[in-house]
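Right, one structure below, let's go through it.
Worth knowing before you read on, the calculation uses all heavy atoms, side chains too, and leaves out hydrogens, waters and symmetry mates. Positions are given from 1, in the same order as the sequence printed here. Here the structure is a predicted model, which means the values were calculated and not measured.
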Amino acid sequence: MFPASPTRRTLLRGALGLGTATALTACGGGSTTARTSGDVTLSLWTHDPGYEDFFRKGTPEADRLTDFRYHLDVTRAGPAEECTRRPPWTAPDASVPSPPSPSRR
């Protein structure tokens, strides 16, 4: 007797896991040796200058407390760019969409 065929949900879960593992593997180029000190560049993407100020003020204290020397690489987008990336229903005057009704099987 043959084992039962996997369900669609099981196949999708496996495909998602395999895709995630592949994507994470692709991101992990370079050395895998743990860094214990030295220069570290932190990349920050923000639309709010307050976040950049916060991290710039905290960097010297972090340098003193650890064996690392932190550097910020900040990418700042203006409010116009930020708004184009939001789903339309997140606008302040928009109503929140109703959740989809559960499907019946």
Taken in chain and number order and not counting sequence neighbours, the residues that satisfy side-chain hydrogen bond (donor to acceptor under 3.5 Å, both in side chains) with S43 are none
Contacts under 3.5 angstrom, residues 54-61 side chains, donor-acceptor by atom type, not counting sequence neighbours:
residue : atom : partner : partner atom : Å
R56     : NE   : E52     : OE2          : 3.2
R56     : NH2  : E52     : OE2          : 3.3
T59     : OG1  : F55     : O            : 2.6

Please list every donor-acceptor pair under 3.5 Å in which a side-chain atom of residues 67-75 meets a protein atom from a residue at least two apart or in another chain.
residue : atom : partner : partner atom : Å
R69     : NE   : D39     : OD1          : 2.9
R69     : NH2  : D39     : OD1          : 3.3
H71     : NE2  : D39     : OD1          : 3.3

